[in-house]
J.: 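Once you've had a glance at the structure underneath, I'll fire off some questions.
Here, residue 1 is the first one in the sequence, and each next residue gets the next number.
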Amino acid sequence: MESMSSSLSKSVLFITGAFVGNNCWDDWRIYFESKGYNTIAPPWPHKGAPPEELRNRQPDAGIASNRLAALTDYYARIAQGFTVPPILIGHSIGGLIVQLLLQREIGACGIAIHPVPPQGIITFKFSFLKAGWGALGIFSSTKKSYLMSFRGWQYAFTNGMTCDEQKESYYRFAIPESKLVVRDTITSAAKINFEKTHAPLLITSGTDDHSIPASLNYSNYKKHKQGNSITDYKEFEGRNHFVLGQATWKEDADYILNWIQQQIL
């Protein structure tokens with residue numbers, strides 16, 4: 001596939017992942033806008049409130065009702081509302097949605113940051129199983145949302161950070177989640193045809209990510225490389241699943257900005 005043309009939109013659609021509010025993109029939006037981009041980071045359905053308020057609503061039946069297919073359709077409608085196809089940037093499940101939208105030929109290009117992989121790509125690495133088991137809610141009602149505990153947050157998102165940093169990030173960003181959305185990531189709702197041509201895609205990973213190990217992201221990348229589309233991969237040292245808010249976030253953002261520019265040339 002050819003690189004993007006110089007008429008590429010300067011608009012960015014940030015797609016939030018699970019367990020965190022869309023305020024996780026606040027610093028990214030400011031930084032990208034300082035570079036001349038227009039950005040939006042719409043919340044998931046039923047999540048249009050500050051994280052503290054959403055936590056106080058736990059359990060939240062509205063959040064619990066979210067499903068991956070409907071969520072993908074929701075972001076598809078937003079992306080299709082742009083005059084020129086936007087740049088898609090998503091984290092975790094948001095990164096999976098980026099891949100699903102590119103599959104539908106939506107978006108000028110996509111950046112999947114530590115993405116949940118499409119259906120069929122799995123790992124049995126202990127950290128992955130431990131980090132994600134609770135959110136599946138196997139022995140609990142799917143009509144009730146799941147709120148990750150602070151202890152779970154320390155392991156799944158902010159491992160390697162100081163306790164003060166972990167506490168501050170939890171109270172600032174953590175929100176309840178749909179168990180069904182998490183389960184949907186291993187169903188046909190997350191299916192990708194890796195032979196289909198798609199717009200340029202960059203997948204990034206982190207060496208310290210417990211939730212989505214770098215090896216899993218690399219397997220995801222290798223599947224996309226089977227096709228004829230531009231697909232790139234970058235592994236960052238020391239990044240955990242809280243990559244958007246780590247002290248190194250601007251280094252990741254700069255790499256992504258440079259990659260986007262390379263697609264225009």
Side-chain angles (χ1 to χ4, degrees), residues 1-5 7-18 22 24-25 28-29 32 35 37-42 44 68-69 71-119 121 185 189-206 212 216-236 243-244 252-265:
M1 172 174 283
E2 294 180 357
S3 295
M4 296 178 293
S5 72
S7 62
L8 171 69
S9 170
K10 294 285 284 187
S11 296
V12 176
L13 171 57
F14 287 111
I15 304 177
T16 311
N22 64 319
C24 66
W25 295 112
W28 285 68
R29 292 189 62 195
F32 270 69
K35 304 295 183 180
Y37 291 87
N38 302 308
T39 74
I40 62 171
W44 287 20
L68 179 60
L71 193 58
T72 304
D73 289 342
Y74 166 76
Y75 278 107
R77 289 191 296 271
I78 293 172
Q80 290 171 325
F82 285 81
T83 303
V84 178
I87 298 162
L88 309 174
I89 302 179
H91 171 250
S92 195
I93 285 182
L96 170 59
I97 293 173
V98 165
Q99 296 174 73
L100 293 170
L101 293 180
L102 293 185
Q103 181 89 160
R104 298 187 189 185
E105 301 181 1
I106 297 173
C109 69
I111 297 90
I113 302 172
H114 300 215
V116 169
Q119 182 190 32
I121 302 175
T185 61
K191 183 176 178 59
I192 291 287
N193 176 3
F194 293 104
E195 295 181 358
K196 182 177 180 180
T197 301
H198 58 71
L201 171 65
L202 169 65
I203 295 175
T204 73
S205 68
I212 308 293
L216 191 56
N217 289 144
Y218 187 71
S219 295
N220 190 170
Y221 160 72
K222 292 293 286 184
K223 281 286 189 179
H224 278 289
K225 288 296 286 184
Q226 294 176 1
N228 296 318
S229 306
I230 295 173
T231 306
D232 294 316
Y233 175 80
K234 172 64 176 179
E235 181 176 314
F236 288 96
V243 55
L244 302 183
D252 299 59
D254 281 335
Y255 186 92
I256 290 168
L257 284 164
N258 289 333
W259 181 84
I260 291 170
Q261 286 300 312
Q262 290 171 10
Q263 308 317 306
I264 298 174
L265 299 176

J.: Would you please say whether a donor-acceptor pair under 3.5 Å links the side chains of W25 and T16?
T.: yes
J.: What distance do Y218 atom OH and I121 atom CD1 have between them, rounded to the nearest 0.5 Å?
T.: 13.0 Å
J.: Does a side-chain heavy-atom distance below 4.5 Å link I256 with F32?
T.: yes
J.: Surrounding NZ of K196 (heavy atoms of other residues, nucleotides or ligands, distance under 6.0 Å), is the total greater than 12?
T.: yes
J.: Are the side chain of W28 and the backbone of A253 linked by a donor-acceptor contact shorter than 3.5 Å?
T.: no
J.: Using 0.5 Å steps for rounding, measure from the CG atom of L202 to the CD1 atom of I230.
T.: 11.5 Å
J.: Which pair of heavy atoms, one from N22 and one from P42, lies closest together, and at what distance?
T.: ND2-C, 4.0 Å
J.: Determine all donor-acceptor pairs shorter than 3.5 Å in which one atom belongs to a side chain in residues 220-227; sequence neighbours excluded.
T.:
| unit_1 | atom_1 | unit_2 | atom_2 | d |
| --- | --- | --- | --- | --- |
| N220 | OD1 | Q99 | NE2 | 3.3 |
| N220 | ND2 | Q99 | OE1 | 3.0 |
| H224 | ND1 | H198 | NE2 | 3.4 |
| H224 | NE2 | Q99 | OE1 | 2.8 |

J.: If you define the side chain from C-beta out and look only at heavy atoms, does anything of R77 sit under 4.5 Å from D73?
T.: yes
J.: What pair of heavy atoms forms the shortest contact from E235 to Y233, and how long is it?
T.: OE1-OH, 3.2 Å
J.: Find out whether L96 and L68 are in side-chain contact, i.e. whether some heavy atom of one side chain is under 4.5 Å from a heavy atom of the other.
T.: yes
J.: Scan L101, I106, V98 and name whichever one has a side chain to side chain contact (heavy atoms under 4.5 Å, CB included) with Y75.
T.: L101
J.: Does any part of the side chain of T231, heavy atoms only, come nearer than 4.5 Å to the side chain of F194, both counted from C-beta?
T.: no
J.: Could you state the interatomic distance from OG1 (T72) to CD (Q103), rounded to the nearest 0.5 Å?
T.: 11.5 Å
J.: Minimum heavy-atom separation for A199 to C109, with atom names?
T.: CB-CA, 4.1 Å
J.: Any idea which heavy atoms bring A108 and P85 closest together, and the distance?
T.: CB-O, 3.5 Å
J.: Would you name the heavy atoms of W259 and D232 that are closest together and state the gap between them?
T.: NE1-OD2, 2.7 Å
J.: Side chains of residues 87-94: which donor-acceptor partners sit under 3.5 Å, not counting sequence neighbours?
T.:
| unit_1 | atom_1 | unit_2 | atom_2 | d |
| --- | --- | --- | --- | --- |
| H91 | NE2 | H241 | O | 3.0 |
| S92 | OG | H241 | NE2 | 3.0 |

J.: Which atom names give the shortest non-hydrogen contact between I212 and P115, and what distance separates them?
T.: CG2-O, 3.2 Å
J.: Does a side-chain heavy-atom distance below 4.5 Å link V243 with T204?
T.: no
J.: Any side-chain heavy-atom pair from L102 and I192 closer than 4.5 angstrom?
T.: no
J.: What verdict does the side chain to side chain contact (heavy atoms under 4.5 Å, CB included) test give for F82 and I40, after you've listed the backbone C-alpha separation in whole Å, the side-chain angles of each residue and the deciding distance to 0.1 Å?
T.: CA-CA 11 Å; F82 285 81; I40 62 171; 3.6 Å; yes
J.: At what distance, to the nearest 0.5 angstrom, does CD1 of I203 lie from CD1 of I111?
T.: 11.0 Å
